[in-house]
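Chain identifiers are assigned alphabetically (A, B, ...) following the order of the sequence lines, protein sequences preceding nucleic acid strands; residue numbering begins at 1 within each chain.
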Amino acid sequence: MRQSTLFGRTLREAPAEAQTVSHQLVLRAALARPLATGLYTLLPLGYRVARKIEQIVRDEIDRIGGQEMKIPIIIPAEYMQETGRWDALEPNAFRTKDHSGRDYMIPYTHEELFTHHARNEVVSYRQLPLIAYHFQAKGRDEERSRGGLLRVREFVMKDSYSYDLDAAGMEKAYRAHFEAYVRIYRRLGIRAHAVESDTGAMGGDVAHEFQVLTDEGEDTLVFCTTCDYKANLERATRRLPEPAPAVGVPAREQIETPGLTTIEQLQRSLGLPASAFLKTLLLRTSDGKVIAVVLPGDRELNHAKLRKRLGGRAFAFASDADFAASRTVPGFVGPIVPSGGLIVDASVEPRGYVAGANVKDRHVKNLLPGRDLPSFERLDVHDVHDGDACPSCGGRLAAHRGVEVGNIFKFGTYYSDKMHATYLAEDGTRKPMYMCSYGIGIGRNLQTIIIENHDDKGIVWPISVAPFEVHVIALPMNDDAVRAAAEGLVADLESRGIEVLYDDRNDSAGVKFADADLIGIPFRVAVSRRSLGSASVELKARAATELELVPKDVAAERIVGIVHRAREAARFS
RNA sequence: CGGGGUGUAGCGCAGCUUGGUAGCGCGCAGCGUUCGGGACGCUGAGGUCCCGGGUUCGAGUCCCGGCACCCCGACCA
């Protein structure tokens with residue numbers, strides 16, 4: 001490929017919209033261009049990388065028996081209606097109608113569609129197990145896309161789906177995918193950690209996310225510093241300290257707290273730590289109930305956990321009318337039992353607390369949960385903090401930021417039941433298929449590879465996904481001998497199956513070297529007047545600092561050998 | 001959807017306070033000189049100053065209303 005004809009220009013300066021390094025590099029290296037919020041066009045360089053990522057994913061999913069197919073990018077509503085996800089609010093979906101008014105969606109995931117085909121094609125136990133997958137665009141009308149390709153509204157995902165006879169078969173398929181993902185990330189050159197995750201809008205119960213640790217990430221994760229416990233904050237729990245037995249807590253009594261509506265104000269005024277207080281949140285659920293949630297003053301409500309405990313119902317803060325109906329006052333809410341019930345977080349201890357009195361400018365002290373609280377449900381709905389105790393071993397938990405580069409969900413018969421995906425078993429009975437689904441976002445992985453593989457000059461692509469393998473630079477282009485030598489080398493390398501980007505532009509050495517560093521092709525070969533003076537070319541690995549002079553006559557041979565070794569190392573690393 | 005910020009040439013920005021011929025750097029085109037780490041000279045092209053309305057003799061600048069984008073919070077590959 002001649003660089004002079006490459007579609008897409010590198011940028012000296014990053015557009016102001018790009019705030020993170022990886023986003024800036026995606027734009028500066030001419031990998032992608034924004035088309036609208038959360039919509040990106042992949043330029044030829046970026047598309048070459050995306051195809052290589054896809055090929056690695058394909059290779060590994062095929063290896064565990066996956067069969068690639070393709071479901072349309074736009075689907076009729078009826079399949080999503082079968083599971084109720086047509087009406088689900090999260091995530092926001094792109095919807096449209098056809099000429100006759102029929103509803104369609106650009107689906108945000110394809111469980112229903114694969115399951116539909118599975119129930120039609122699979123009639124007998126003899127046809128299971130099955131793994132099918134495709135690479136297809138997903139539509140998610142995110143309210144806020146950000147970070148370049150990390151979070152967009154339309155993206156290609158490899159999503160695979162396994163269908164099995166029973167739970168044991170499903171476990172096997174899940175484990176096979178887990179191991180395939182480990183191999184995929186290793187080949188992509190990123191360090192992904194499998195963490196326990198919440199299943200969110202996907203349904204089902206067990207799930208893992210593959211997370212790459214980086215400050216550019218938007219997920220919060222907690223890892224145990226002692227054992228291998230790793231979990232998304234949305235799911236993470238902690239070992240609660242042994243509560244001290246409550247003895248001699250005096251009877252509760254009201255205290256005057258004029259204008260003190262926040263824990264912070266109360267702390268300052270009463271000189272007590274945040275943990276000495278209880279805070280009560282009044283929430284309205286999507287089915288119209290009002291619930292109260294009691295947490296220690298030093299803990300935050302974990303929305304994902306609460307939502308799961310509520311059976312997936314959404315919730316929002318209560319309205320003024322809800323406060324009035326529940327006979328309490330904003331800022332002075334204490335434990336009460338509204339229409340939807342009272343939930344007390346598991347970390348609330350059996351000791352005396354200060355809590356709201358449900359009366360303006362009043363709190364109560366010496367409120368002892370077991371003694372003074374009305375009937376309640378005790379659930380774990382609080383956020384875990386950095387430094388908390390590991391639920392598994394009691395060690396210290398540490399918080400990290402991460403990018404989710406893939407996930408795997410174990411659904412069991414969740415979708416099969418709703419969609420009547422059954423098979424005829426050996427004993428003549430009809431049984432539901434056991435299902436899992438597994439996703440990897442291609443664009444997000446592309447940018448995450450950059451996060452993990454760059455320096456202050458640009459990208460340092462792993463050879464497994466690099467847009468080209470060798471970057472040949474002619475210096476200067478107007479020297480006939482240089483040009484002839486460079487073009488001879490390029491032709492030689494290409495004829496031996498090496499992917500070469502040839503910088504034939506009539507630019508200065510500085511421009512060419514800077515662009516080579518920016519684009520980050522693994523091996524750079526400079527053919528110059530100077531190098532030809534010693535009948536050689538200069539070879540430099542992007543990741544290395546040292547140069548090597550290679551005799552011109554054996555250059556192609558040597559470079560082919562080096563590239564082949566690098567390819568092999570990347571495949572089996 | 002809440003809070004903050006920004007919209008001026010392909011990119012980065014100044015000009016707006018105090019209304020009066022739209023600027024700078026990079027990039028781009030032509031010619032010449034250069035040629036190993038973002039070269040130099042000369043010449044040149046390129047703008048509905050986000051959109052709409054208002055005030056004014058006159059609006060990039062002031063006022064009102066939209067829209068878009070970015071960042072921070074609630075949701076997910």
Could you check if a side-chain atom of A/E209 sits within less than 4.5 angstrom of a side-chain atom of A/E404, using non-hydrogen atoms only?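 Yes, side chains in contact.
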Contact class for [X] (heavy atom, under 4.0 Å): base, sugar-phosphate, or nothing?
{"X": "A/L150", "answer": "base"}
{"X": "A/R151", "answer": "base"}
{"X": "A/D517", "answer": "base"}
{"X": "A/D515", "answer": "base"}

Please figure out whether A/E209 or A/L475 has its closest RNA chain B nucleotide nearer the 5' end.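 First, find each residue's nearest nucleotide; the 5'-ward one identifies A/L475.
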Quick one: sort the A/Y161 and A/H134 rings into parallel, tilted or perpendicular, breaks at 30° and 60°.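 If you compare the ring of A/Y161 with that of A/H134, the planes turn out perpendicular.
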Separation of the [atom1] atoms in [N] and [M], to the nearest angstrom:
{"N": "B/G54", "M": "B/G12", "atom1": "C1'", "answer": "33 Å"}
{"N": "B/G19", "M": "B/C26", "atom1": "P", "answer": "33 Å"}
{"N": "B/C13", "M": "B/C70", "atom1": "P", "answer": "15 Å"}
{"N": "B/G60", "M": "B/A9", "atom1": "C1'", "answer": "14 Å"}
{"N": "B/G25", "M": "B/C31", "atom1": "P", "answer": "23 Å"}
{"N": "B/U48", "M": "B/U8", "atom1": "P", "answer": "11 Å"}

Any donor-acceptor pair, under 3.5 Å, between the side chain of A/R524 and the base of B/G37, if you only look at N and O atoms?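 Side chain to base: pair present.
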Ignoring hydrogens and angles, are the base of B/C76 and the side chain of A/N407 linked by a donor-acceptor pair under 3.5 Å?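 Donor-acceptor pair under 3.5 Å: no.
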To the nearest 0.5 Å, what is the distance between CG on A/D515 and CD1 on A/I521?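 That separation rounds to 10.0 Å.
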Please report, rounded to the nearest Å, how far the C1' atom of B/G38 is from the CD1 atom of A/I519.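 The answer, rounded to whole Å, is 13 Å.
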NE2 of A/H110 versus C1' of B/A77: gap in Å, rounded?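 Going from NE2 in A/H110 over to C1' in B/A77 covers 14 Å.
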According to side-chain contact (heavy atoms from CB on, under 4.5 Å), who are the partners of A/R530, at least two apart in sequence or on a separate chain?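 By the side-chain contact (heavy atoms from CB on, under 4.5 Å) rule, A/R530 matches A/S528.
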A/R2: side-chain contact (heavy atoms from CB on, under 4.5 Å) partners, not counting sequence neighbours: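 For A/R2, the residues satisfying side-chain contact (heavy atoms from CB on, under 4.5 Å) (neighbours in sequence not counted) are A/S4, A/T5, A/E487, A/Y502, A/D504.
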Pair A/E538, A/S531: side-chain N/O donor-acceptor within cut-off below 3.5 Å: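 Not at all, the side chains of A/E538 and A/S531 share no donor-acceptor pair under 3.5 Å.
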Under 4.0 Å protein heavy-atom contacts per nucleotide of nucleotides 7-16 of chain B, with B for base, S for backbone only and - for none: ----BSS---
